[in-house]
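Working notes, structure below.
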There are 2 protein chains.
Amino acid sequence: MTTTPHIPVRDLSLKHLRQSCVNCSLRELCLPIGLSAEEMRELDTLITQAKPIKRGEALYRAGEPFRSLFAIRLGFFKASVISEDGREQVTGFHMTGELMGMDAVSSDLHTCDAIALEDSEVCELPFTDMEELSRRIPILQHHFYKLMSREIVRDHGVMLLLGNMKAEERIAAFLLNLSQRFAIRGYSASSFHLRMTREEIGSYLGLKLETVSRSLSKFQENGLIKVQNRLIEIINPDALKQLINNCQQ
Amino acid sequence: MTTTPHIPVRDLSLKHLRQSCVNCSLRELCLPIGLSAEEMRELDTLITQAKPIKRGEALYRAGEPFRSLFAIRLGFFKASVISEDGREQVTGFHMTGELMGMDAVSSDLHTCDAIALEDSEVCELPFTDMEELSRRIPILQHHFYKLMSREIVRDHGVMLLLGNMKAEERIAAFLLNLSQRFAIRGYSASSFHLRMTREEIGSYLGLKLETVSRSLSKFQENGLIKVQNRLIEIINPDALKQLINNCQQ
DNA sequence: CGAATCCTTGAAACCGATCAACGACTGTGG
DNA sequence: CCACAGTCGTTGATCGGTTTCAAGGATTCG
């Protein structure tokens, strides 16, 4: 039994659904930058009605032609590259309010698969239309440069993690990162569901699934977290943070 | 003694210098996209005279305010993040014709250090000016989106390398990548100087310098390459390629 | 020429991967 | 509602690769 109440995934989704409106995720993505009502209307015309993606389905796959970015209105995705021999490298996990597909701009082809890890909804944003609009709305143009830059910074963080950290430090960093991102979206920072398997976590962190499992078990033994399958409760976030700093030696 | 003639670094630089004109690197960056002469002139007005950076000097450092991107007109840089405790993670090596600083757009602060690994020259490209110009030249705007996207794809490749490959596979991939980039710029693909230390290679690849050294020695034993300090001669590129594929199991 | 940095190589320790077995959970159909 | 199959997760034991520690040698630069 955990000490704080668990929030079922279903409830989280419904709660968010109630707060949502059509196209909200991209609106939210752009609201903070201060567009006028008129500009927001223009932005809305670009965006298709929210499109549902069932768990396990692909939003797009590597090699497909690129037409649009996708804003996640609701749900959870993994992005991954499959090498010729079938080996999978997860390059990121993406949740509500985040934008996917920016890697595809470079070659007009998607370079990775985007798979829904729970039933999700996305807003499609045709890229050439967005480019055209962003020429008329400078702040929008700047915002998209920023979004792409943020993706680069995020990737550098992962590179640092993969290059410098030990297994337990990686797991700790991963849990804290998820926790923070849930918190930003108004969910509990201390109690959340993992949408992905241990193997997918391992792929993302450069570890084997057994190592992920062992690390989680050890954290639980030491009272840092509680684990019940995919339900994580963070009990001592400071200890997790300290773990990361120590590990960078 | 090597079988093909070694090209001293000095010669490489001079050779390139002769082909170069002021601001050439950014022009080259943008020429393939088909700007008119008039548009190229406009682009040129943005760009400052080439600015020299001596070996060991910083082009910028993490935390400094961001004003400009930098196109490397000539030379070789490393980009790296220093963690609070002084540990360094090299996030990339950048050579002539490449653009640096795109990570800084997200926060208006540079997020990494850019250090010249040989005497270099850069063209400064004020970002707000570029944004303004790119609104008037759609193809330029698209090109910059592409450049940032390319950086994301590149980082995903490094993540795959760090997450999936063994030490020797990483080194092989690193050498082939350098080889290819030199070849694109008209230098020898089979014989080139490493501008960075073993430690910097290790930092980039998530390995210790001893491991880098050992892998290079082993490749030499097996006749894949020749190593003389920082001079690398690739003798059997196919064997290196095969090494990478095998390692992804 | 001398000092500092960089590189190489060896031996031992350690961490994570691998192999293996079992248990738990999920979802489906009877 | 239960049974079942398949996927997912845990844990143990062993193995292997990379790191660590250490020493010596080479190169570079002032």
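Chain A is the first sequence line, chain B the second, and so forth, proteins listed ahead of strands; every chain is numbered from 1.
Within 4.0 Å of Leu209(A), counting heavy atoms only, lies at least one base atom of the nucleic acid. Residue-level contact check: Gly56(B) touches neither bases nor backbone, having no heavy atom under 4.0 Å from any strand. Using a 4.0 Å heavy-atom distance criterion, Gly206(B) is classed as a sugar-phosphate-only contact.
The nearest whole Å value for the distance from the NZ atom in Lys208(B) to the P atom in dC15(C) is 13 Å. For Leu207(A) and dT18(D), the CG to P distance is 15 Å, given to the nearest whole Å. Atom-to-atom, CG of Leu216(B) to C1' of dT9(C) comes out at 14 Å; the value is rounded to the nearest Å. Atom CZ of Arg195(B) is separated from atom C1' of dT28(D) by 17 Å (rounded to the nearest Å). Here dC25(C) presents its P atom at 12 Å from NE2 of His193(A), a figure rounded to the nearest Å. Atom pair Glu199(B):CD and dT8(C):P shows a separation of 13 Å (rounding to whole Å applied). As rounded to whole Å, 16 Å separates atom P of dT19(D) from atom CE of Met165(A). At whole-Å resolution of the value, CG in Asn164(A) and C1' in dT19(D) are 13 Å apart.
Electrostatic pairing of Asp113(A) and Arg61(A) counts as a salt bridge here, judged by a charged N lying under 4.0 Å from a carboxylate O. Taking the charged nitrogens against the carboxylate oxygens, Glu151(A) and Arg154(A) do have a contact shorter than 4.0 Å, which makes a salt bridge. Electrostatic pairing of Glu98(A) and Arg150(A) does not count as a salt bridge here, judged by no charged N lying under 4.0 Å from a carboxylate O.
Centroid-to-centroid, the aromatic rings of Tyr187(B) and Phe192(B) stay 6.0 Å apart or farther.
Remark: Lys166(B) is not in phosphate contact with dT18(D), judged by side-chain N or O atoms under 4.0 Å from OP1 or OP2. Phosphate contact (OP1/OP2 of dT9(C), side-chain N/O of Ser213(B), threshold under 4.0 Å): absent. A close approach under 4.0 Å does not occur between any side-chain nitrogen or oxygen of Arg230(A) and OP1 or OP2 of dC25(C). OP1 or OP2 of dC29(D) has at least one side-chain nitrogen or oxygen of Arg55(B) nearer than 4.0 Å. Remark: Ser217(B) is in phosphate contact with dT9(C), judged by side-chain N or O atoms under 4.0 Å from OP1 or OP2.
DNA chain D is contacted by both Ala167(B) and Val227(A); Val227(A) maps to the nucleotide lying nearer its 5′ end (nearest heavy atom per residue). Two residues, Thr211(B) and Asn229(A), neighbour DNA chain C, and the one matched to the more 5' nucleotide by heavy-atom proximity is Thr211(B).
Enclosure of atom CD in Glu199(B) is not indicated, since only 12 or fewer non-hydrogen atoms of other residues, nucleotides or ligands lie within 6.0 angstrom.
The base of dG10(C) is paired with the side chain of Arg214(B) by a donor and an acceptor separated by under 3.5 Å.
Considering only the side chain of Thr197(A), dG9(D) comes nearest among dG9(D), dC6(C), dA22(D).
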